[in-house]
Amino acid sequence: MKVVLAEKPSVAQSIARIVGATHKKNGFYEGNGWQVTYAFGHLIQLALPENYGYNSWSKGNLPMLPKEFLMIPRQKKEGKTYKNDPGVMKQLKVIKKLFEDADEIIGATDSAREGEAILRYIVDYLGIRKPIMRLWINSLTDAAIKDGLNNLQPDSNYDNLFLAAKARSEADWLVGMNATQACSIMGKSLYSIGRVQTPTFVMIVERYLQNKEFKSVPFWQVTLNTTDGAKLTSAGRWDEKGKAVSAYNTASKARNGKVIKAEKRQKTDQPPLLFSLTDLQKAANSKYGYSADKTLNIAQSLYEKQLISYPRTGSSYIPDDVYDTIPGLLKNPVFDKFRESVDAIEKPSKRSVDASKIEDHHALIVTGVDFRTKNIKPDEQVIYDMILGRMVEAFSRPCEKLVLSYTVDVGGYLFAVTSAVILQKGWRAVYGADDKERETVPIWSQGETICFTSADLVQGQTKPKPLHTEGTLLAAMETCGKDIEDETQREAIKDSGIGTPATRAGIIETLVERNYVIREKKSLVPTTKGMEIYKIVKDMDIANPSLTGQWEAKLAAIERGQMNVNQFNSDIVEYTKHVTEEFLHSDLQPVMTGKQTVIECPLCHQGHIRIFDKVANCSNEKCDFHIFRTVAGRKLTNSEVTDLILKGQTRELSGFNGKDGKPFKAKLKRDDKGSVCFIFAPKK
C-alpha cells in the first residue's frame, strides 16, 4: 500500500481523487492501492520551557539553553496550563498506523521550508524509519500532481531545506523564550519579544515617531505659463520667501526667457516582474486595503482550488520550461478580460525568466483552470485578476517614450520642464497607466526665446514620510528598512530581509493581536503598550533589522548547502546569551507610582499588594496574584487598580481600544487571581 501525507485535508482530497483513493475513512482516503492522509499544519512543535524543568520565570533559569530540543504534539491552552490537543493526538494515531503498514511513504506537504519541517517532525516523532519519497509540485492541478507522482524524489534530497527549517524554529525558540522572560522579569510586566517580531515592530514605531516629530517648514517656487501651453517650474526652491519673490518679480517683468538646454531622449520602461507573494501583498494593500494576512489566505484558497501556482513564493521569476508554456496559456479564455492587451503580445517578454533566481518555487502565475467552474468569492476574484493582469504586463512589450527636457534662463533664474510623448504603450496599456500623460508638448530648440503669459508664486510645505501601511512595511521587511525602489535590486537582497514571504503576514498579525500596534485605516500605529516596549528595546541588538536580516541570509545559505548548520546554531546560542544579558543588565526596574495604601492580598492573605508602573502584584513570591495596569490600550490609575483589588470591580471607564481600533467603555471585574474581564452596560 502506498501512503501519502498531505499538509491539509483539502490537498489530500485532491491527491486522493487523482490516485483513485475514493473511499473516505476516519482520517484518510483509501482505494486503488493508495491511502492518502493529512496533517493540520504543524502537528508537532518544540516543547515549552516547563518540559525542560524551567517551571518558573526567574533570573536563575536564564538563559535557557536545552542541550537537545524536545518535540511534542501541538497543545491547547486550558487556563494557565497546556494540554495535548485531542484532535491532533487522534490524527497522529491514524498517521502512525498507516505509516507502519505502508509499503511506500510519500511526503506531500507543501513544497517549501515549513512544509518539509511539518513532514520531518511528524515522521521523527512517530519513530518511522522507512525511506520517504517526496512529491514536489508548483500547483495542485491534476496535471501537476500526476507529473509529480511520476517524478518522486528521495526526501533526503531536501535535507538542507529541513536543516534550515529546524534551525529557524530553534533559533526563534531560544531568542524569543529567553528575551521574553528576561524583559518581563526586569520590567515586572509581561512583554513578548521575538527575533523577527521585535525589529519589525521597531520599524513601525520609528516611522511613527519620524512622522509625528516632523517639523513642517514652508518653501516657495515660481511657475511660468508659456504662450504655447507649457508650465515651467523654478529649478530649485527657496526656504526664504524674499528670494522667491525676487525671482517672481524678475520673471514677471521679463515675460520671456531663453532655452539654454534642450534634450530629447528615448526612454524604455521595462515591464514589471511577475508577482512574488510579498509583491502581491503590497499591491493588494495599496490598491484595495487588504491586509497581508488576508491576501495570503486568499492566495492559498486559489491555490487549493487549482487556479494559481504555489503562493508562498519569494521569487518573481519563472524557469525556461514554464516560459515555454506561456504563449499557449495566454490564449486561454481566463485572459479574456485582458484580451486586447494579450493579442498585442507578439512574443512574450523574457524579463521574468531566470531559473538561477528561483529557490523553491517560481513566481505566481495562473494555471489556466477555468475560474468560472470553481465558484470563487468576490475577494478571490480580485486577487486572481491581479495575478492575471500582472502576467499580461510582465509578458508585454516595454513602454517606449520620447522624453523632452528643457532648461530656460529667465533673467538669471533657471526654470525647467520635462514631458514625455508615448511612442509605444506596451505593458502600460494593460491598465491604461499612462493615459493621463501629456501626449502633446512643445518642441523647442536650444537658443530659442520662450514667451510667458503669466507667473505664479507658489508656497509649499515639507512633508514627513507617511506612516507605515502593511504594503510599505512589507517592502521595508524585504530590505531591512533600506529605501530601494528598483524591483531587481530588491530581488537581489531578498535573502537578507526580515522574515520570509510565508511568515511576514503572520508577524504583522502577531503585533496586532498582542496590542502592540493597531490599524488606523491603512496605517499601522503603535499603542501605548507598544510604546512602552519600544522604549525598552530601541537601543538593543534585538531591535536591529539589519542584524535580523543577516540571520535570514544565513538560513538561506543553509538551504543552499553553503553554510554549516552547526555553526549557525552555535552563533544563535551566543546571540541568545548576549540578548538575555542585555535585558538582565538593563535599567528596567519597576517605578513605584507614588504613595500607596497597604492592601492585603485577596488571594493568599499573607502578602500585600505592590502597585508598580506596569503591574500590581503580591509581595509574597509564592503567590500568583497580579493585575496588569494596561488593559486594551488603556493604563489604569492607582485608584482604579485599588478599586479592582478592594471592590472586585471598577466604575465604568472610557478610553479602551478594541482590536479594530475603535474606542469603547466598560467596567472591569477581576477574579481571585487578578485576571480581568469587561462588563458592558446593557444596550438600550
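Counting from 1, the numbers follow the sequence of the chain as shown.
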Notebook entry, point to check: Hey, mind stepping through Y310 and Y303 against ring-ring contact (aromatic ring centres under 6.0 Å, His included) and telling me if it holds?
Noted result: CA-CA 6 Å; Y310 185 72; Y303 168 69; 5.4 Å; yes
Notebook entry, point to check: For E304 and S10, what are the C-alpha separation, side-chain angles and deciding distance, and is it a side chain to side chain donor-acceptor pair (under 3.5 Å)?
Noted result: CA-CA 7 Å; E304 292 176 15; S10 57; 2.8 Å; yes
Kindly check if the number of other-residue, nucleotide or ligand heavy atoms within 6.0 Å of [atom1] ([X]) is above 12?
| X | atom1 | value |
| --- | --- | --- |
| K97 | NZ | no |
| K83 | NZ | no |
| K635 | NZ | yes |
| K305 | NZ | yes |

Taking all non-hydrogen atoms of both residues into account, name the closest pair between [X] and [Y] and its distance.
| X | Y | result |
| --- | --- | --- |
| I609 | F625 | CD1-CD2, 3.5 Å |
| G530 | F201 | O-CZ, 3.0 Å |
| T500 | R113 | CG2-NH1, 4.0 Å |
| M386 | A284 | CE-N, 3.6 Å |
| S56 | N61 | O-ND2, 2.8 Å |
| I118 | A39 | CG2-CB, 4.4 Å |

Checklist line | Ring centers of F664, F678 separated by less than 6.0 Å | finding: yes
Check: What do you reckon, are the aromatic ring centroids of W173 and Y52 less than 6.0 Å apart?
Finding: yes
Next item on the list: Sequence neighbours left out, what passes side-chain hydrogen bond (donor to acceptor under 3.5 Å, both in side chains) with R195? Give chain and number order.
Entry: D172, E552
Side chains of [X] and [Y] only: does a donor on one sit below 3.5 Å from an acceptor on the other?
| X | Y | result |
| --- | --- | --- |
| Y290 | D379 | yes |
| H605 | E600 | yes |
| S169 | Y121 | yes |

Next item on the list: Kindly determine whether N55 and E50 satisfy side chain to side chain donor-acceptor pair (under 3.5 Å), including the steps that lead there.
Entry: CA-CA 5 Å; N55 294 315; E50 47 264 39; over 6 Å; no
Note to self: What's the separation between atom CD1 in I193 and atom CZ in F583, rounded to the nearest 0.5 Å?
What the structure shows: 4.5 Å
Next item on the list: Enter the distance from L43:CG to M89:CE here, rounded to the nearest 0.5 Å.
Entry: 10.0 Å
Note to self: Could you walk me through whether Q91 and T37 satisfy the side chain to side chain donor-acceptor pair (under 3.5 Å) test, starting with their C-alpha distance in whole Å, then the side-chain angles of each, then the deciding distance to 0.1 Å, before giving a yes or no?
What the structure shows: CA-CA 9 Å; Q91 190 62 16; T37 187; 3.1 Å; yes
Margin query: A cation-pi test, strictly: NZ or CZ of K25 under 6.0 Å from the centre of the six-membered ring of F28 and no more than 45 degrees from its axis. Yes or no?
Written below: no
Next item on the list: Tell me, with the steps shown, if K577 and E574 meet salt bridge (charged side-chain N to carboxylate O under 4.0 Å, His left out).
Entry: CA-CA 5 Å; K577 292 177 181 177; E574 293 305 312; 3.5 Å; yes
Item checked: Ion pair check, E170 and K166, cut-off under 4.0 Å -> yes
Check: Are the charged groups of K374 and E380 less than 4.0 angstrom apart, N to O?
Finding: no
Main-chain N/O of [Y] paired with [X] side-chain donor or acceptor, under 3.5 Å:
| X | Y | answer |
| --- | --- | --- |
| R312 | T503 | no |
| R207 | P466 | yes |
| Q281 | G471 | no |
| N285 | K282 | no |

Check: Which one of R634, K667, K647, R629 satisfies the salt bridge (charged side-chain N to carboxylate O under 4.0 Å, His left out) criterion with E640?
Finding: R634
Check: What's the verdict on side chain to side chain donor-acceptor pair (under 3.5 Å) for S216 and Q461, showing C-alpha distance, side-chain angles and the deciding distance?
Finding: CA-CA 6 Å; S216 180; Q461 293 285 140; 2.9 Å; yes
Checklist line | Candidate list R519, K294, K522, R504, test side-chain hydrogen bond (donor to acceptor under 3.5 Å, both in side chains), partner E470, passing option | finding: R519
Note to self: Which residues pass the side-chain contact (heavy atoms from CB on, under 4.5 Å) test with K665, not counting sequence neighbours?
What the structure shows: E652, S654
